[in-house]
Amino acid sequence: HDSKLMWALGNYSRFVRPGMIRIDVQSSASDIFQQATSVMVSGFLNNALNEIVLVGVNYSDDEYLLSLDNSDLFEQDVKSYVTSEKDDLRYIKTEKEKLIIEPGSIRTFVLKYKK
């Protein structure tokens, strides 16, 4: 019997692998307190695969859009996976300009550096 906790942890255990380096993720939200209490984002660098993994947890009732500094460093297509009330680590192909974390969900984005 699987549970939402198992799928939620999968956003980390499947994509954040040994040897990856945690990177700083900053918010430019105008209401830092509101953003800090409703959305949490962690970032990890995988030098071996030339990619960055972002995992976002959205506790709020609102969509949250991540924006990237230096987005031109990354390929356009992004692999993403969502766990929510109705989804269990479901794959969704997205674009680097549309990094949306749905309300009440956890979303993992895998961004590849351009070669």
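Worth knowing before you read on, the calculation uses all heavy atoms, side chains too, and leaves out hydrogens, waters and symmetry mates. Counting from 1, the numbers follow the sequence of the chain as shown.
- Judged by distance alone, with hydrogens and angles left aside, the side-chain atoms of T94 form no donor-acceptor pair with the main-chain N or O of L99 at under 3.5 Å.
- With rounding to the nearest 0.5 angstrom, the CG atom of D88 is 12.0 Å from the NZ atom of K86.
- By the side-chain contact (heavy atoms from CB on, under 4.5 Å) test, N58 is found to be paired with V39, S60, Y64, I101, residues two or more places apart in sequence or in another chain being considered.
- When the salt bridge (Lys or Arg N to Asp or Glu O under 4.0 Å) test is applied to R14, no partner is found at least two apart in sequence or on another chain.
- Residue I100 is found in a hydrophobic cluster whose other members, listed by chain and number, are L65; membership requires side-chain heavy atoms under 4.5 Å apart, directly or through intermediates.
- Judged as a side chain to side chain donor-acceptor pair (under 3.5 Å), and not counting sequence neighbours, S105 has no contacts.
- Taken to the nearest 0.5 Å, the CD1 atom of I106 stands 7.0 Å off from the OH atom of Y59.
- Looking at every heavy atom in both residues, V55 comes nearest to V16 through CG2-CG2, 4.5 Å.
- Atom CD1 in I92 sits 4.0 Å away from atom CZ in R107 (nearest 0.5 Å).
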Atom pairs and distances, side-chain donor-acceptor, residues 41-53, under 3.5 Å, sequence neighbours left out:
unit_1, atom_1, unit_2, atom_2, d
N46, OD1, A48, N, 3.1
N46, OD1, L49, N, 3.2
E51, OE1, K112, NZ, 3.4

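- Scanning for side chain to side chain donor-acceptor pair (under 3.5 Å) contacts around R17 gives an empty result, with sequence neighbours left out.
- Atom CD in E95 sits 11.0 Å away from atom OG in S80 (nearest 0.5 Å).
- Under the side-chain contact (heavy atoms from CB on, under 4.5 Å) criterion, L5 pairs with S3, L9, sequence neighbours left out.
- With hydrogens and angles disregarded, no donor-acceptor distance shorter than 3.5 Å links the side chain of K96 to the backbone of L68.
- Between Y81 atom OH and T108 atom OG1 the span is 9.0 Å, to the nearest 0.5 Å.
- Enclosure of atom NZ in K98 is not indicated, since only 12 or fewer non-hydrogen atoms of other residues, nucleotides or ligands lie within 6.0 angstrom.
- Applying the side-chain contact (heavy atoms from CB on, under 4.5 Å) criterion to L73, with sequence neighbours excluded, gives N70, Y113.
- Residues L66 and V25 are members of one and the same hydrophobic cluster, defined by side-chain heavy-atom contacts under 4.5 angstrom among Ile, Leu, Val, Met, Phe, Trp and Tyr.
- Note on residues 62-82: pairs passing salt bridge (Lys or Arg N to Asp or Glu O under 4.0 Å), not counting sequence neighbours, are D77-K93.
- Distance check: T83 OG1 to N11 CG gives 4.0 Å after rounding to the nearest 0.5 Å.
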